[in-house]
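Heads up, the thing below is written out as structure tokens.
The structure displayed is predicted, hence computed values, not measured ones.
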Amino acid sequence: MPLQLIYDLHIKPHGAVLKSNLLSVVIQQMDTKNLDLGLLVTLEALLAEGNVTRAARRLNLSQPALSARLARLRDELGDPLLIPAQRGMVLTQRAVELRQPLHDALEGVRRVVAEGMSSDPATMEATLVIAASDYVQFALLSRFSVALKTEAPKVRIAWRALDLLALATQLERGEVDLALASPDHAPAAMRQRQLFQESYAVIARKGHPAVQGRLSLDVFCALEHVVVSPQGGGFSGPTDAALEAVGRRRTVALSTSGFLIVPEVVSRSDMIALIPRRIADGWSDRVQVLEPPLTIPGFTIVSVWHDRTTNHPEQRWLRDRLAALA
């Protein structure tokens, strides 16, 4: 699809006003017969990433293949687009000016194409990359992935560890399609939808000498605890704030970055732990699952996605199916 057709499909019908009508000027000044849609998508990725290696990864191309496309784009546009700098590469002024208009135009084409796409789950072909903690993978994504094997057998699911520091960038670049996190960890500029609310339970090994089906606050504070610190190294959390409010403290002996190892550790020791109830219930045949001896606030899990995928038929169906399952 040539650049002129993109302009006709997207820019003209909606009357978009571009800076100095830049895209229209570019169309008029260049011979676009050699610029197909694939080359324009390559240009979009290069302008968004500002880096050949990252753009190649985003497009699932080898670096030599992308370098060849960049050379062709430079020749067709008469501009180097990316030039060496002290650290990596930087965009030329013309590349900076092209970046947003080109992205907007291609998004318009994607919407036109998406409107005609089938969202029949049985024939749907898609890959969904989901970022979530090991807890959410256990509590929700395992069931979601199994359900899709029957309902949408051609859909592929990739689970990624939730990286809160990189999440906004991952969603913007399309490296992650959907993230599952608590609302306070969701990047402000992203869409979100509540999935479920979670509470906490205490777990202790079966046959624990100090825990026989019930747990007093005194015993809770006296025993050693395992805590989860997703970023690593933390020894306190919501439980400690709740204990402090009633003038009590506990002893934390072990801090781990993952949830799923905690029941294994507890089942083999005299340590106890306060963990999300969905994990605790999954281990009820191997550990005691008890009510906390004081009120510990629960939390909410939401799905988070970039606005550009909001109206995409396959992505929308997958988000709705996940929400229904949650």
Side-chain angles (χ1 to χ4, degrees), residues 130-142 159-171 176 178-188 190 192 195-205 208 211 215 217 219-284 286-304:
I130 306 178
S133 68
D134 61 341
Y135 149 65
V136 176
Q137 291 174 11
F138 174 86
L140 179 58
L141 290 187
S142 57
W159 297 355
R160 290 186 60 160
L162 184 65
D163 185 343
L164 296 175
L165 296 178
L167 183 58
T169 300
Q170 290 173 338
L171 289 166
V176 169
L178 196 64
L180 308 180
S182 58
D184 55 323
H185 290 149
M190 303 298 164
Q192 62 176 265
L195 295 179
F196 63 86
Q197 292 182 312
E198 180 64 288
S199 60
Y200 288 104
V202 178
I203 57 172
R205 73 172 176 89
H208 194 297
V211 182
L215 191 64
L217 184 57
V219 173
F220 181 81
C221 293
L223 293 176
E224 293 185 324
H225 289 241
V226 183
V227 302
V228 176
S229 172
Q231 303 305 314
F235 286 88
S236 63
T239 303
D240 301 279
L243 285 169
E244 185 178 353
V246 295
R248 304 296 293 266
R249 297 181 63 185
R250 64 173 176 170
T251 300
V252 176
L254 174 64
S255 171
T256 176
S257 62
F259 289 90
L260 297 186
I261 192 62
V262 174
E264 181 68 29
V265 172
V266 167
S267 70
R268 297 171 179 267
S269 70
D270 283 341
M271 290 185 286
I272 63 173
L274 190 89
I275 61 173
R277 187 170 295 276
R278 283 170 171 79
I279 295 182
D281 289 344
W283 277 72
S284 59
R286 286 160 285 182
V287 297
Q288 300 180 66
V289 179
L290 310 153
E291 289 297 322
L294 75 167
T295 301
I296 309 294
F299 58 93
T300 300
I301 293 295
V302 299
S303 57
V304 185

Return the CG to CD distance between Leu178 and Gln192, rounded to the nearest 0.5 Å. 11.5 Å
Give me the one residue out of Val219, Leu223, Val287 that meets side-chain contact (heavy atoms from CB on, under 4.5 Å) with His208. Leu223
Taking side-chain contact (heavy atoms from CB on, under 4.5 Å) as the test, write out the residues that go with Tyr135, two or more places apart. Ser133, Ala139, Phe196, Glu198, Phe259, Pro276, Arg278, Ile279, Phe299, Ile301
Of all the heavy-atom pairs spanning Ile203 and Ala280, show the shortest one and how long it is. CG2-CB, 3.7 Å
Heavy-atom closest pair (Leu167 atom, Pro187 atom, distance to 0.1 Å) is CD2-CD, 3.8 Å
Taking only residues at least two apart or on different chains, which pairs with a member in residues 258-274 satisfy side chain to side chain donor-acceptor pair (under 3.5 Å)? Arg205-Asp270, Glu264-Arg268
Out of curiosity, Thr256 OG1 to Ile261 CD1, how far, rounded to the nearest 0.5 Å? 7.0 Å
How far apart are the C-alpha atoms of Phe220 and Leu243, what are their side-chain angles, what is the distance that settles it, and do they pass the side-chain contact (heavy atoms from CB on, under 4.5 Å) test? CA-CA 10 Å; Phe220 181 81; Leu243 285 169; 4.1 Å; yes
Using 0.5 Å steps for rounding, measure from the CD1 atom of Ile272 to the CD atom of Glu224. 10.0 Å
How far apart are the closest heavy atoms of Val289 and Ala201, and which atoms are they? CG1-CB, 3.9 Å
Hey, which of Ile130, Leu195, Leu180 is the one that makes side-chain contact (heavy atoms from CB on, under 4.5 Å) with Val136? Leu180
So, taking the atom named CZ in Arg248 and the one named CG in Leu217, what distance separates them when rounded to the nearest 0.5 Å? 4.5 Å
Across all chains, not counting sequence neighbours, the side-chain contact (heavy atoms from CB on, under 4.5 Å) partners of Val227 are Arg250, Val252, Ser255
Shortest non-hydrogen contact from Thr239 toward Ile296: CA-CD1, 4.0 Å
Using side-chain contact (heavy atoms from CB on, under 4.5 Å), reason through Gln288 and Leu215 one step at a time and then give a plain yes or no. CA-CA 11 Å; Gln288 300 180 66; Leu215 191 64; over 6 Å; no
Out of curiosity, Ser182 OG to Leu162 CG, how far, rounded to the nearest 0.5 Å? 8.5 Å
In short, Gly258 meets Val228 closest at the heavy-atom pair O-CG2, 3.8 Å
All heavy atoms of Pro263 vs all of Ile275, minimum pair found to be CG-CD1, 4.1 Å
First locate atom OG of Ser199, then atom CD of Glu291, and finally report the distance between them rounded to the nearest 0.5 Å. 7.5 Å
